[in-house]
Undergrad: 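Have a look at this one before I ask anything.
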Amino acid sequence: MTKAVSQLSDTATLKGLFHEHRDNDPLPSGKDLGTIVNLCRSILFPGFYGMSTINSRTLEYHIGVNTESLYDLLSQQILAGLCFSSTSKCNCSSNEVLKQKAQELAAEFISRLPQIREILATDVEAAYNGDPAAESFGEIISCYPIIKAITNYRIAHELMQIGVPLIPRIISEMAHSETGIDIHPGAQIGHHFTIDHGTGVVIGATCIIGNNVKLYQGVTLGAKSFPLDENGNPIKGIPRHPILEDNVIVYSNATILGRITIAHDTIIGGNLWVTDDTKPGERLVQAKKQKSSDRNTTVGPDTFGGL
């Protein structure tokens, strides 16, 4: 045991696996970020999250209290993210410039909450209209994993847009763990977006998704390949994920890879592998077998054909 402890404590073996804490510098807290998400949900969907006894007479009071709590806690966590990402050896927690920046970023995020709620309302509507089993908006908000996942995504996306480091990725991964839906906060997603069932969906960092898009479980919007630099390492930050235009539907377990464009009004059937652009209104489905005694004969391409 002594030998193992000595070997595990050898910093030469860690190679980036060790974060050396600096005195008085805060670290991002998963518990506090969970509280932040819950506060955001209670502000965005009052009565469904947070205080269940809220009514129209007490609405402004409860939202005010929750917003004040959100501002204080978010400022602290943004500061922790700034400190974590800082290469400076100064004491970040006593750095008034960083504190002020964290507070300004928290205030800027809160100013965007009305717009976040506005677009989330369209996501709830899309989920309700897209599922004949749904009986009310309340059922959608309370039960459907897409609402939890898309709420975390839209929170994380706005935080990333205003320049908050690290925290957006943690928040999006919290939703991934909770729902099985993996949406990178860097993706761009339009209004009236929904995912039916949801489990196993992956949406990459540079995806651009238009309006009125619907995905089903198991869909992957991923990268086809990674260009390498002169040292053989992947080049980061380049567009590498699909673009889905308006009114696209992608059925379960389809895989769409690379920086391709799925044109507006395209429908992609289940279990397909798509690596080329589509035409507006195109239908891609598994090729059907001929109705004859020769069961091995297929009509159309081996992988899929347009209808």
Side-chain angles (χ1 to χ4, degrees), residues 19 21-54 58-86 88 90-121 123 141-142 145 147-179 181-186:
H19 175 71
H21 179 67
R22 295 174 293 191
D23 289 343
N24 299 316
D25 280 358
L27 287 173
S29 164
K31 180 179 179 181
D32 287 347
L33 288 172
T35 301
I36 285 169
V37 168
N38 287 332
L39 282 169
C40 286
R41 288 177 178 178
S42 70
I43 293 167
L44 296 166
F45 302 108
F48 291 103
Y49 296 94
M51 186 68 70
S52 60
T53 57
I54 191 170
T58 61
L59 179 62
E60 188 170 357
Y61 168 77
H62 284 294
I63 288 181
V65 169
N66 287 336
T67 301
E68 186 173 353
S69 298
L70 174 62
Y71 172 76
D72 290 339
L73 201 53
L74 185 58
S75 296
Q76 296 170 18
Q77 289 306 300
I78 291 176
L79 176 61
L82 293 171
C83 289
F84 186 89
S85 301
S86 174
S88 172
C90 67
N91 188 334
C92 288
S93 64
S94 63
N95 188 320
E96 292 301 320
V97 173
L98 278 185
K99 282 186 176 179
Q100 169 132 17
K101 182 177 181 181
Q103 291 168 353
E104 290 173 351
L105 290 172
E108 173 60 27
F109 170 77
I110 289 172
S111 75
R112 299 184 178 206
L113 283 173
Q115 288 73 42
I116 294 175
R117 180 194 278 170
E118 185 177 351
I119 196 168
L120 281 171
D123 300 329
I141 297 168
S142 301
I147 301 306
K148 294 179 179 178
I150 196 67
T151 299
N152 277 42
Y153 156 76
R154 296 208 185 276
I155 291 167
H157 179 74
E158 291 302 322
L159 288 170
M160 180 171 279
Q161 288 291 99
I162 63 177
V164 175
L166 185 62
I167 304 303
R169 288 303 309 273
I170 297 175
I171 289 175
S172 63
E173 288 304 322
M174 290 168 62
H176 185 192
S177 298
E178 184 180 11
T179 67
I181 299 170
D182 182 3
I183 308 176
H184 193 285

Undergrad: Given 3.5 Å as the limit, does a donor-acceptor pair link the side chain of R41 with the main chain of I36, or not?
TA: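 No, because the side chain of R41 does not come within donor-acceptor range (under 3.5 Å) of the backbone of I36.
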Undergrad: Among residues two or more places apart or on two chains, list those pairs meeting salt bridge (charged side-chain N to carboxylate O under 4.0 Å, His left out) that have a residue in residues 149-174.
TA: R112-E158, D123-R154, R169-E173
Undergrad: Run the numbers on I155 and F109 for side chain to side chain contact (heavy atoms under 4.5 Å, CB included), then give the verdict.
TA: CA-CA 9 Å; I155 291 167; F109 170 77; 3.7 Å; yes
Undergrad: Any heavy-atom pair between the side chains of P28 and F84 that's under 4.5 Å?
TA: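 Touching, per the 4.5 Å side-chain cut-off.
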Undergrad: Side chains of M174 and I170: closer than 4.5 Å at any heavy-atom pair?
TA: yes
Undergrad: Using modelled atom types only, decide if a donor and an acceptor are shared between the side chain of N152 and the backbone of S172 within a distance under 3.5 Å.
TA: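 Answer holds: no.
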Undergrad: State, yes or no, whether a side-chain contact exists between H176 and I181 at a heavy-atom distance under 4.5 Å.
TA: no
Undergrad: If you take all heavy atoms of I183 and A149, which pair is closest and at what distance?
TA: CD1-O, 4.5 Å
Undergrad: On a heavy-atom basis, which atom in A156 and which in P185 lie closest, and how many Å separate them?
TA: CB-CB, 3.7 Å
Undergrad: Distance-only criterion, 3.5 Å: show the donor-acceptor pairs between side-chain atoms of residues 71-78 and protein atoms not counting sequence neighbours.
TA:
| from | atom 1 | to | atom 2 | distance (Å) |
| --- | --- | --- | --- | --- |
| S75 | OG | Y71 | O | 2.7 |
| Q77 | OE1 | S29 | N | 2.8 |
| Q77 | NE2 | D32 | OD2 | 3.4 |

Undergrad: Rounded to the nearest 0.5 Å, what separates atom CD1 in I110 from atom CG in L105?
TA: 11.5 Å
Undergrad: Show the nearest heavy-atom pair for residues L98 and L82, with the distance to one decimal.
TA: O-CD1, 3.9 Å
Undergrad: Show the numbers, then the answer: is there a side chain to side chain contact (heavy atoms under 4.5 Å, CB included) between C40 and L70?
TA: CA-CA 7 Å; C40 286; L70 174 62; 3.9 Å; yes
Undergrad: Does atom CD of E68 have more than 12 heavy-atom neighbours, drawn from other residues, nucleotides or ligands, at distances under 6.0 Å?
TA: no
Undergrad: Could you verify whether a donor N or O on one side chain and an acceptor N or O on the other, from E96 and Q100, lie under 3.5 Å apart?
TA: no
Undergrad: Could you tell me whether the side chain of T151 reaches within less than 4.5 Å of the side chain of F45, counting heavy atoms only?
TA: yes
Undergrad: Go through the structure and list residues passing side chain to side chain contact (heavy atoms under 4.5 Å, CB included) with S111, not counting sequence neighbours.
TA: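 In terms of side chain to side chain contact (heavy atoms under 4.5 Å, CB included), with neighbours along the sequence ignored, S111 is linked to E108.
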Undergrad: Please evaluate residues L39 and Y49 with respect to the criterion side chain to side chain contact (heavy atoms under 4.5 Å, CB included), reporting the C-alpha separation (whole Å), side-chain torsions for both, the decisive distance (0.1 Å), and the verdict.
TA: CA-CA 8 Å; L39 282 169; Y49 296 94; over 6 Å; no
Undergrad: Is the side chain of T58 donor-acceptor paired with the backbone N or O of I54 at a distance under 3.5 Å, no angle test?
TA: no
Undergrad: Would you compute the distance between atom CG of L33 and atom CD1 of I167 and round it to the nearest 0.5 angstrom?
TA: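 Taking CG in L33 and CD1 in I167, the distance rounds to 4.5 Å.
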Undergrad: Rounded to the nearest 0.5 Å, how far does CD1 of I147 lie from CG of L120?
TA: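 That separation rounds to 7.0 Å.
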